[in-house]
Each structure stands twice: as C-alpha cells, then as structure tokens.
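Note sheet for the following structure.
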Amino acid sequence: MKLLTQDPLPRIFGTIAPPVSGLPTDPQESVVKIVGFGIRVFILVATLTMLIYLLWGAYDWIISGGEKEKITKARSKMTNAVIGLLFVFAMLALYNLVTSDILKIFPNWGIRIPQL
C-alpha cells in the first residue's frame with residue numbers, strides 16, 4: 001500500500017480562490033459602472049414599454065372600426081407613448097448635465113445606447 005504524502009483533494013478539486021468581480025476596486029469607478037448600467041437598463045425598459053404602448057395604440061386604432069371615440073383613445077395612447085419617451089430622454093440629459101458638467105461627480109461616465 002502506497003502512502004500519500006500530499007493531500008489528494010487539491011489535485012482533484014482545485015484550489016480555493018476568491019470570486020472574480022467585474023467591478024473595479026476603486027469605489028468611484030464602481031459607482032460609475034453601476035449607475036451607468038442602471039441607466040442603460042432604465043432606457044431599455046422605457047423604450048420597450050413605449051414601443052409596446054405605441055403598438056397597443058396602433059392596434060386599437062386598427063380595430064376601432066371608424067368609431068371616433070375609439071380612434072381618439074388610440075391616438076391618445078400613441079401620443080402619450082412618444083411623449084413619455086421624450087420625457088425619459090430629457091430627464092437623462094438633465095441628469096447628465098447636472099452630474100457631469102455642474103457637479104463633476106461622474107465625469108466621462110458615458111452612456112452607450114444599445115445597438116442591434
């Protein structure tokens with residue numbers, strides 16, 4: 001019988017290592033990445049919501065059958081969807097102006113608009 005001088009478990013299962021994080025160790029860089037990611041997710045959700053609401057209004061317009069009241073409601077849905085999206089982008093521009101240019105909290109944090 002052969003005696004093992006080393007523990008065979010590290011060879012079989014590997015060694016224990018701390019988890020790898022995608023966030024930098026600098027707290028300011030971490031906050032910038034988290035806020036940037038949150039804003040990108042918010043823009044994506046707002047855009048998808050606007051698109052669904054816009055298509056819902058278009059569908060209501062198509063099935064309205066020429067009734068004035070239904071057409072007015074459908075037009076209102078579509079208008080509100082576009083105004084909502086413009087409002088989201090206006091708030092984003094204002095946030096960017098205040099944090100980057102005036103307070104200089106997040107300089108050069110940049111927003112990348114999702115592309116296909």
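Small disclaimer: the values here were computed from a predicted structure and weren't measured.
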Inset, instruction - List in chain and number order the residues that pass side-chain contact (heavy atoms from CB on, under 4.5 Å) with Lys73, two or more places apart in sequence or in another chain; answer none if no residue qualifies. - result: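 Glu69.
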
Legend entry - Partner residues of Ser76 under the side-chain contact (heavy atoms from CB on, under 4.5 Å) criterion, sequence neighbours left out: Asn80

Legend entry - Residues which pass ring pair (Phe, Tyr, Trp, His ring centres under 6.0 Å) with Trp61, listed by chain and number, not counting sequence neighbours: none

Legend entry - Sequence neighbours excluded, every pair satisfying salt bridge (Lys or Arg N to Asp or Glu O under 4.0 Å) that has a member inside residues 48-57: none

Identify every side-chain donor-acceptor pair in residues 46-60 under 3.5 Å, counting partners at least two apart or on other chains, and give the distances.
unit_1 : atom_1 : unit_2 : atom_2 : d
Thr47  : OG1    : Ile43  : O      : 2.7
Thr49  : OG1    : Val45  : O      : 2.7
Asp60  : OD2    : Lys77  : NZ     : 2.5

Inset, instruction - Nearest 0.5 Å please: distance from the CD1 atom of Ile83 over to the CE atom of Met78. - result: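 Separation between the atoms: 12.0 Å.
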
Legend entry - Audit row: Leu92, Phe42, side chain to side chain contact (heavy atoms under 4.5 Å, CB included) steps and yes/no: CA-CA 10 Å; Leu92 180 62; Phe42 176 72; over 6 Å; no

Legend entry - Arg75 vs Ile71 side-chain heavy atoms within contact, under 4.5 Å: yes

